Number of protein chains: 2
Amino acid sequence: MIMAKQTVVQIDNQATEILTRNNLSITGGRKRILHLFLEQAGALAHGDIEKKVGEKFDRVTIYRTLQTFVDKGIIHTIPTADNSIRYALCKDECSGGHHHDHHVHFVCTVCHITYCLDDVVTPALKFPKGYTSSHVEVVAEGVCRNCKPQH
Amino acid sequence: MIMAKQTVVQIDNQATEILTRNNLSITGGRKRILHLFLEQAGALAHGDIEKKVGEKFDRVTIYRTLQTFVDKGIIHTIPTADNSIRYALCKDECSGGHHHDHHVHFVCTVCHITYCLDDVVTPALKFPKGYTSSHVEVVAEGVCRNCKPQH
DNA sequence: CTTATTTTGCAACTATGTTGCTTTTTTAAT
DNA sequence: ATTAAAAAAGCAACATAGTTGCAAAATAAG
């Protein structure tokens, strides 16, 4: 899927639009953090965000902003086995207010970027008698498109 | 699967056997922690273990013991979205030295116990062009057998 | 039983996450 | 545009989680 890189203005408009649509005040911090998610494909951990925004914002503000975004369904969390919650933007289908994110997540072992594979749907599973599942998370580990050895 | 509850002695023998098989010194701490895993079905987070063993062992010892067990393939980690690494015993098939754990994990939203569903195999997935996956983790959320509303 | 090796405990430290309260910014109404 | 009410950000203090180096204790091997 090749698409023209968005201009800063476009990203900014998109950030504002997301905040407006979710009845959130438009603030520098929220726009800054949304920019980070809009500018790149991967998921971000709290620590990544803290590093990227530099000293500009208080740690507490970042925590609260991420929590707000999760509550509003703007971003979703991705389970990891390394004790760092990762967050990724919900795609348009999700952002109505409630989450869907029935897609698979992919962690590249080379570049350590976490991708949302929106086209890979989590498969249906048959559970043992007595277990009722309401939600299934799938995290795949491997080598991503960009880190694939060239031939 | 109904099986007779193991006696304390049996569990203790089993713990010793696991340590011996993995060339680990037999110490009180390691046996104590192995007991916790052998005595019950669910996965344990570091915090759970710290609470259960009481003041008997240093926090650092617990961290190091868990790390040792993971390295030896005695236990494996389970990804979560709530920033707490959970550990579960590897079943016999896994414990040779390298991990398999191709099974699904199940987190009960009522009792918050994490189960290894050893009989539910992680399904094969078709990834987008360029992505090569080496390992897939599946975590299901729902209501477990014990918490299921009775009829 | 003694020695070499491994493990544990301790102390100090870093990182991560939370809460209450004050100040600042944003919004919305004049 | 000004201003009052509401929301967000910053600050400080705290709580929890995880790491590292080193000394003391326990274990394994001879």
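Basis for what follows: all heavy atoms, side chains included, without hydrogens, waters or symmetry-related copies. No experiment lies behind these values; they were computed from the predicted model shown. Lettering of chains follows the sequences in order, A, B, ..., and the numbering in each one begins at 1.
- Between B/H135 and B/H102, the two ring planes are tilted [angle within 30° to 60°].
- Annotation: of the two residues near DNA chain C, B/R30 and B/R59, the 5′-most nearest-nucleotide partner is B/R30.
- Ring geometry for A/Y131 against B/Y115 counts as perpendicular: the plane angle is over 60°, on a 0 to 90° scale with 30° as the lower cut.
- Between B/N22 atom CG and C/dT7 atom C1' there is a gap of 16 Å when expressed in whole angstrom units.
- The distance from atom CG of A/L19 to atom C1' of D/dA8 is 12 Å, rounded to the nearest whole Å.
- The main-chain N or O of B/G42 is never found under 3.5 Å from a side-chain atom of B/T114 such that the two would form a donor-acceptor pair.
- Considering B/T7, B/N13, B/D12 in turn, B/T7 is the only one that fulfils the side-chain contact (heavy atoms from CB on, under 4.5 Å) rule with B/Q10.
- Between B/D58 atom CG and C/dA11 atom P there is a gap of 10 Å when expressed in whole angstrom units.
- Judged by atom type and distance alone, B/R64 reaches the base of C/dG9 through a side-chain donor-acceptor pair under 3.5 Å.
- Of the candidate nucleotides D/dG18, D/dT27, D/dA7, D/dT27 has the atom lying nearest to any side-chain atom of B/S25.
- Here the nucleotide nearest the side chain of B/V60, chosen from C/dT8, C/dT19, D/dT19, is D/dT19.
- Position along DNA chain D of the nearest nucleotide to B/I85 versus B/G28 favours B/I85 as the more 5'-ward residue.
- For A/F57, the side-chain atoms get nearest to D/dG10 when compared with the rest of D/dG10, D/dG18, C/dT27.
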